[in-house]
Structure formats: C-alpha cells, structure tokens
Amino acid sequence: MLSMYDYAAIERKWQTRWDRDRLYRAADTSEKPKYYSMEMLPYPSGDLHVGHAKNYAFGDAVARMMRMLGYNVLHPMGWDAFGLPAENAAIERGVDPAVWTAENILNMRRQIRLMGTSYDWSREVATCEPEFYRWNQWLFLRLFERGLAYKREAPVNWCPHDRTVLANEQVIDGRCWRCEHLVERRNLSQWFLRITDYADRLLHDLDRLGGWPERTRVMQRNWIGRSEGVAVKFGVDGLDEPIEVFTTRADTIYGATFLAVAPEHRLVQSLRGIVSPAHSEAIDRFASAVRSKSELERTSLMAKEGVFTGAYAIHPLSRERVPIWLANYVLAEYGGGALMGVPAHDERDFDFAKRHGIPIVQVILPEDAEAAAPLEAPFIEDGRLIASEGFTEMSSPRAREAIAARLAAMGAGEPRVTYKLRDWLISRQRYWGTPIPIVYCDACGEVAVPDDRLPILLPPRERVTGEGSPLGSIPEFVQTECPKCGGPARRETDTMDTFFESSWYYLRYLDPHNDRMPWDPQRAAHWMTVDQYIGGAEHAVLHLLYSRFFYKFFHDCGWVSGSDEPIERLFHQGMVLRDSEKMSKSRGNVVGIDETAERYGVDAMRLFLMYVTPPEETSNWTDAGISGRVRLLNRIWRVSESVAPVPSPRESRDDELPAAETDSDKALLRAVHVVAKSAIDETLTRRFHYNTTIAKLDELVNLMTAASSQPVTPALQYAVRMLPILIAPFAPHIAEELWERRGNQTSVHLERYPEPDARALAVEEITLVVQVNGKLRARISAPAGVSEDEALALAMADPNVRAHLDGRELRKRIYVPDRLLNLVA
RNA sequence: GCCCAGAUGGCGGAAUUGGUAGACGCGCUGGUUUCAGGUAUCAGUGGUGGCAACACCGUGGGGGUUCGAGUCCCUUUCUGGGCACCA
C-alpha cells in the first residue's frame with residue numbers, strides 16, 4: 001500500500017528525538033496534579049504481538065491525553081521477568097534463563113519503543129535483577145517477622161511436567177494453567193502467605209472500588225467466598241473428641257441423618273481404632289481409592305461415593321445416633337473437612353442418601369405447604385420448621401439464630417465465618433525465581449537472613465544439576481552458616497511465586513534506584529494510588545487480589561499512606577483475534593509488531609487498534625481493516641500540506657476561534673471542537689471509547705478535504721492548525737511532524753488539548769423530526785431554539801404531515817425542543 | 001447448575017439521559033483520474049414495492065409499558081467469559 005508520506009522515516013526521527021529530549025520523564029515534584037497511569041507489565045516471552053499493542057496503544061493514548069490535559073503523568077514500563085518459560089527454555093534448549101530473558105527484554109523493549117509509546121524509561125524495572133528481587137526478599141522477611149509467612153506440610157498440586165507446585169488458583173480443571181498437564185497430589189513442606197487474615201478487609205473494601213468493573217469485583221467476592229454459619233460439635237460414641245462440622249443451615253439440624261467426613265480428615269485414624277476390623281479395612285480401602293485419584297477425577301465425579309465407618313455420632317440436640325460416613329464430595333480444605341448430612345434440604349446430601357439408603361427426614365416446609373409429603377427432590381429454600389422439638393413452627397432465619405444460640409449455650413457450637421479463600425502458597429521448586437531468604441540450622445531452626453546480607457543471589461544456572469529442586473542441587477548455595485549461632489546451616493531452596501513481585505512492582509517504579517528501601521514512603525505518598533490500571537481480565541482475581549493484599553499489609557506497616565487500596569480505576573481491555581481466531585504460534589496467525597509497523601506504519605496500527613472496537617471488546621485484526629486508517633493518515637497529510645502556514649511566528653499559540661461566514665466554515669469549526677470534546681469526554685469518563693473519537697476525526701478530515709478544493713478560509717487555516725494537536729494522543733508521530741512543518745519549535749505533545757468551545761459547538765439550524773402518531777412523517781429545518789408554536793406551524797405546513805393527519809383533530813402533542821414534535825391525532 | 005457480559009446491514013461498529021436506527025470505516029457498485037494495476041477523488045449502498053414522491057418492514061424470538069422502545073419491564077433462545085461437590 002502506497003503512502004503519501006514517509007511514515008518510516010518520520011516515526012524513526014521522532015522516536016529518536018523524543019528520547020533525546022527526555023520528553024516523557026515524570027517529575028517527582030510538580031505544580032501539576034499527579035496522574036499515575038499504568039499498563040500491566042508484560043512477561044518477556046520474546047515477541048510483541050498486536051494483542052500487546054492494543055493494550056499499549058490505549059494506555060499510551062490515555063497517558064498522552066492526561067498529559068495534554070495538564071497532569072503530571074507517570075507512565076512507566078517494566079518486565080515480569082521471572083517465570084517458567086525461561087526455565088523451560090533452559091531445560092529444552094540449554095539456554096541460560098538469564099540470557100534468554102535479557103535477549104527477550106531487549107527485543108520487546110525495542111518493539112514497545114517502536115510503537116512510539118510515551119513511557120518514562122528511566123524508571124524501567126526487571127523483576128529478575130538483584131536490585132529488584134532483593135526487595136522481594138526484604139518484603140518476605142517483613143511478612144515472616146509479622147507471622148504472615150509460614151511453612152507447613154500440606155497436600156499440594158504437583159505438575160509432573162513443569163515439576164513444580166501450583167497454587168490452587170493456578171489449577172484449571174485439574175490441569176496446570178500453563179502447560180495443561182494433569183496435576184497430581186503430593187505432600188511437601190511449603191511457604192504460605194496468610195492472605196486469609198485479610199479476607200474480610202479484602203471483601204469489604206471491594207465496595208469502595210467504584211472505579212473497577214463490576215464483574216471483576218463480583219469475581220473477587222466469589223473467590224473470597226465468605227459464608228456465615230455455625231460450627232457444630234457432634235460427639236462421637238466411643239471417642240473423647242467430637243467431630244466439628246460447619247453449616248450455614250443450622251435450621252435444618254433436626255434433619256441431619258448422617259455425618260460426612262473427608263477421607264483426609266484427621267479424626268479418621270481415631271475412628272479406625274473404635275470400629276470393627278471389617279469397617280476399619282473399608283475405611284482404608286475407600287481413603288486410598290479417593291487419594292489415588294487426581295483432583296480432576298475426584299471433582300468431576302458426579303456420583304457421591306462413600307463408605308460407612310461403623311461409628312456413630314450423637315446429635316447434640318436430639319441425642320439420636322447419627323452414622324458417620326466418609327464421602328468423596330467432602331472437601332478436606334473447606335469448613336473443617338466435615339459436614340452434617342441433611343438429605344431433605346441439600347441436593348448433594350439428597351443424592352448421597354438415596355444412593356446409600358440413608359433416611360431422609362424433612363424438617364423444613366415451604367411456607368405455603370400444609371403438611372410434609374414424600375420428597376421427590378430436596379427442598380433447599382427457607383421455610384417453616386417441623387419435627388424440630390422446641391423450634392418447630394419457627395421460620396428458617398429465626399430458627400438459625402435460635403438453634404445457634406442453643407448450641408452455644410450448650411457448648412456444642414459457635415458462630416463461625418468460613419471462606420473459600422485459602423492461604424497463598426508461594427513456594428516454587430524452580431530455579432528462575434527469587435530465592436527465599438531463610439536458612440535452616442540444626443540448633444536454631446528456621447532463621448531469617450539478616451537484611452544486610454541481602455540479596456541472596458541466584459547462583460549461575462550452569463551449576464544446576466539433574467532434576468527436582470534446582471537450587472538444592474548446588475552444594476555451595478545450600479551450605480551456609482547460621483546467622484544466629486554461626487554453625488553450619490542449609491539454605492531454603494524454594495524460590496517465590498512470580499505473583500509475589502507483581503503484587504508490589506508498581507511501588508518500585510516510584511523509586512527504582514533506591515538501595516536502602518524498596519521505595520521511599522514519601523514518594524508513595526505523592527504518587528499513590530495508581531489512578532488508572534489497564535490490563536487483561538485474566539488477572540481479575542489472582543494478580544489483583546494479591547496486589548490488594550500486599551498493599552493493605554504495606555499500609556498496616558506505615559510504608560504507604562492514604563488509601564489502603566492500590567488501584568483507583570481498573571480497565572480490562574479485550575483480546576485481539578486474527579480473523580476471529582485466537583492468535584497462536586501453532587496456528588501461524590500471529591500478527592507481529594515489526595511486520596505491521598513496516599507495512600502500514602505505527603500510527604496506522606495504533607489508530608486501527610483503537611478504531612475497530614471499543615477497547616473492552618474482543619477485537620478482530622483484519623489486514624483489510626487497517627487500510628482505512630492508512631488512508632485517513634494520507635488524507636490528513638495531504639490536506640495539511642495543501643494549506644500553507646500563515647507566516648506568523650505565533651501560529652501555534654494563535655488558537656482564537658476565527659469568524660465563520662459560510663455554513664461549510666461553521667461546520668468545519670464545529671467538527672474540530674466535536675473531536676476535542678469527544679477525546680476529552682472519553683478520557684475523563686474513563687470509557688476510553690476512542691473508536692468514536694476517531695470516527696469524528698474522519699468526519700473532520702472529510703470536511704477539511706472538501707474545503708481544501710475551495711479558496712483557503714480562516715476556518716480551514718484554523719482546522720489545519722488544530723489537527724496535529726487533536727491527533728497527537730492517537731497518532732503521535734504524524735502529529736509531531738505536521739506540527740514541526742508548520743514552523744513550531746516545541747513538541748506538539750507539550751501542548752494543551754483544545755478546550756471545546758461552546759460557540760463552535762453551537763448549532764444554528766436544527767433538523768426537527770415531525771411524527772404523526774409516533775411515526776416519522778417529515779424532517780423540517782428550523783432555527784435552533786424554535787418555539788413549540790412555531791414548530792407546530794412549520795409542521796402543519798408540511799404536506800406529508802397534513803396528509804397523515806387527514807383532517808383529524810389533534811388530541812395531544814409532544815415537543816422535545818430542537819429534536820422532535822409528535823402529533824397524536 | 002450459578003454469576004457476569006453480549007446479540008444492531010455483507011463485515012467491524014455508532015446511537016452515553018426513552019426521542020431521526022445504521023454515524024464512521026471496511027467491503028461492494030458506478031463515474032472521474034490512470035496505458036494498466038494500485039492510489040486519489042466523487043456518488044451510491046438495511047430489506048421489499050415504486051419512475052418518483054413515498055409507503056411498508058426492520059436492532060436474536062415472543063409479550064408488555066409508552067405519544068414514542070435498540071434503549072425500560074416480563075419471558076425465551078443463542079453466544080462469550082468466569083466459578084462450580086464451598087456444607
């Protein structure tokens with residue numbers, strides 16, 4: 001595709017000059033109000049594709065708009081540089097992850113710069129550098145000191161392919177979220193962060209995040225999964241210790257006809273001791289059968305399998321004997337790993353009871369039912385209690401309170417709040433991550449590495465031998481001395497989950513070269529919170545929840561001030577598909593940055609990515625589509641070049657609205673201000689629907705092109721003068737070049753965005769729609785502000801309107817000034 | 001199963017508050033420019049009927065509220081995303 005102007009040369013020229021002039025450096029002190037605008041930092045996978053480009057095109061347009069609206073904008077970029085792909089490259093191809101990562105960063109940085117983005121590169125961070133990850137270690141030690149980092153043996157998800165432990169959140173349908181291999185269960189001693197201590201705050205403060213998409217807040221709310229209920233103790237016949245179950249439906253307690261216990265429950269061993277050898281054997285058989293199944297098989301089984309233990313619990317209220325079962329559908333990790341089975345009022349318990357011949361006792365009646373009838377299906381809603389001793393006739397909500405109170409008075413139960421959220425497992429048996437700064441001493445036990453010995457450096461990859469725990473295979477790394485007693489000790493060989501560093505990196509941008517602290521609290525006080533964060537919806541829970549947790553912790557420590565939420569406004573941009581398919585290397589349909597920039601130019605690419613769809617929608621890359629943006633840029637170039645600058649040294653400052661004599665001049669001035677208004681509105685309402693702004697730019701350029709075939713008027717002069725400023729946030733290179741060619745000495749990106757002018761936007765003549773009985777019958781021209789009576793007179797003069805009224809009398813008329821007149825006959 | 005989004009011409013989309021449905025672009029058709037292709041430019045482009053004026057139909061389907069519904073309400077189908085033995 002031919003271009004009228006040499007975009008390649010222009011884009012290169014300005015990228016070099018902006019860089020030389022440090023145009024986008026953010027000042028840490030400024031008269032202007034601050035604005036912290038950020039895109040999620042990329043993993044340096046190797047190549048940027050147009051999916052990344054969409055994210056950065058939008059983020060950059062927002063940053064540029066805010067700058068041109070008078071804000072001191074911080075717009076940084078960095079690299080989420082630790083992680084599995086680098087390590088896989090090492091395993092598969094023998095490349096050093098550090099080298100592989102550094103090369104990828106080099107290439108992707110080049111590509112991001114190639115896009116003409118306005119990042120402040122002086123603040124760039126890469127999480128794999130010791131200057132960064134020493135603060136991971138420092139922060140870990142602070143968590144450790146405050147009891148928020150702890151080690152425990154726990155069943156974990158083991159991916160046999162990646163040879164690593166995955167967080168529960170990283171297991172998708174029983175498979176590794178990255179390599180999709182089936183996940184197994186293993187016991188290992190692991191480091192956890194006590195995010196559950198913050199569950200209530202993380203939940204409640206969601207209500208304050210008005211600048212976040214509702215769906216993201218809903219997802220986090222569900223993820224935290226708070227339930228209020230009662231922990232009820234059921235004594236066990238023949239055992240000193242009771243079994244504790246959690247229920248949200250204490251009102252159904254008289255319908256409990258069995259207890260169901262997870263095979264992993266710690267009392268299962270004790271139960272084996274009090275039952276017959278046959279039962280004990282059955283317990284063993286069932287427990288090991290369940291354990292041998294992967295999480296996927298176990299959770300996808302619809303059949304409610306179970307085995308009777310031979311033991312009985314005593315119902316705390318009715319004193320009846322209740323059989324204790326092991327059941328596969330009871331989760332060891334939730335609600336204490338045991339539940340009371342109420343078949344009449346819970347679907348899963350109903351299925352289980354039907355399958356195993358357990359009695360079904362109805363204790364809740366629908367409000368409108370007279371008497372109990374045999375149940376076809378469980379009744380799971382609230383109702384009126386029956387067969388519940390002194391609680392009979394109570395409503396469900398009342399009964400829940402009354403029964404909880406009775407249980408509490410008896411010492412057989414207490415109110416309890418339970419969460420789905422679990423503590424955050426951060427241990428990784430990987431090489432390419434932050435070493436956890438703990439040593440193990442036979443005499444002193446777990447000992448924190450003192451701050452002055454940080455960072456614990458990652459040893460060279462070439463020292464790693466064999467498989468399993470990579471750092472564990474390097475004796476000179478493992479062997480150390482105890483910081484406390486000086487005796488021989490062993491280092492922790494786990495490294496950290498990369499979500500650790502991505503939970504706080506936005507603070508390091510504020511103070512990237514600080515070697516005494518991760519960041520200066522004063523800088524944080526100035527720049528935080530992040531005003532606008534842009535990134536994919538796939539991070540709606542994990543990354544964003546962990547970031548909120550960390551920030552609350554930092555707030556508690558006094559390292560950040562003001563709000564204890566890190567992100568004011570969040571925006572999820574949609575994916576980019578290629579011809580309606582997901583882009584992937586295996587499909588061979590990846591649209592690369594380099595080819596696209598070369599073929600169409602960066603400005604055209606940026607415009608197209610913002611123009612095809614609203615930013616939150618999935619957009620579809622088509623090679624045909626971008627040609628429309630190339631044409632637009634050509635037209636912009638041509639019309640600008642066709643109008644010579646007015647020989648005045650102050651042309652750029654001369655933004656007085658010129659007088660317009662003709663309709664076409666008025667339309668031209670109006671179109672200029674319509675674009676300005678749209679750009680500003682889309683930015684300040686955070687809708688970012690720049691697709692509509694660019695459509696209005698098309699209209700402006702169409703008008704300018706038409707006007708340029710006539711003698712040049714002041715209105716056209718004005719439009720040509722304003723055009724580079726209007727397009728600067730969206731097509732920064734051509735904007736700057738046209739600006740310079742009109743004799744300006746300073747960057748267009750330092751200009752103020754034009755204030756929409758009410759005089760220019762005003763319309764003198766409007767089109768009034770005339771309806772008869774709600775149907776459009778005429779469009780008539782009228783002066784703006786026309787009165788209802790005048791409008792009626794004009795309408796009645798229209799033959800088509802008269803024809804449709806057909807002489808009937810007007811029963812009613814509705815007048816919307818300057819828009820519509822509806823005549824009802 | 002539950003939760004959250006969506007469904008508008010051949011295509012991407014516009015219509016932010018109940019008030020001209022289809023802005024703008026892609027594609028397509030025709031004219032001009034050109035040796036030709038491309039580029040540029042002008043015009044046309046939801047469907048049906050009509051020379052035209054114009055009429056009727058039209059925002060996934062059905063119903064409703066209203067002078068007036070893409071927009072609000074009820075219902076239903078489909079698509080996308082998320083979560084799912086959470087007691």
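Model, not experiment: these values are computed from the prediction.
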Donor/acceptor link under 3.5 angstrom from A:Asn822 side chain onto base of B:C67: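 In this structure, the two groups form a donor-acceptor pair.
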Working for side-chain hydrogen bond (donor to acceptor under 3.5 Å, both in side chains), residues A:Tyr690 and A:Thr683: CA-CA 8 Å; A:Tyr690 295 131; A:Thr683 304; 2.7 Å; yes
Pairing partner of B:G49 (Watson-Crick or G-U wobble, both distances under 3.5 Å): B:C54
Side-chain N,O (A:Ser227) to OP1/OP2 (B:A87) below 4.0 Å: yes
B:G25 phosphate, OP1 or OP2, under 4.0 Å from A:Lys696 side-chain N/O: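 Looking at the OP1 and OP2 atoms of B:G25, neither is under 4.0 Å from any side-chain N or O of A:Lys696.
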Closest listed nucleotide, where the reference is the side chain of [X] and the choices are [options]:
| X | options | answer |
| --- | --- | --- |
| A:Leu820 | B:G19, B:G13, B:C24 | B:G19 |
| A:Ser627 | B:A21, B:C24, B:C26 | B:C26 |
| A:Trp223 | B:A87, B:A14, B:A84 | B:A84 |
| A:Tyr334 | B:C26, B:A87, B:A14 | B:A87 |
| A:Asn328 | B:C56, B:C85, B:C4 | B:C85 |

Whether A:Trp325 and A:His356 hold their rings parallel, tilted or perpendicular, with breakpoints at 30° and 60°: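 Because their plane-to-plane angle lies in the 30° to 60° range, the rings of A:Trp325 and A:His356 count as tilted.
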Spacing of A:His572 atom NE2 relative to B:A5 atom C1', expressed in whole Å: 12 Å
Pi-cation contact, A:Phe246 with A:Arg416 (under 6.0 Å, within 45°): no
B:U39 and B:A52, which share atom name P, separated by this distance in whole Å: 32 Å
P spacing across the pair B:U77 / B:U65, given as an integer number of angstrom: 23 Å
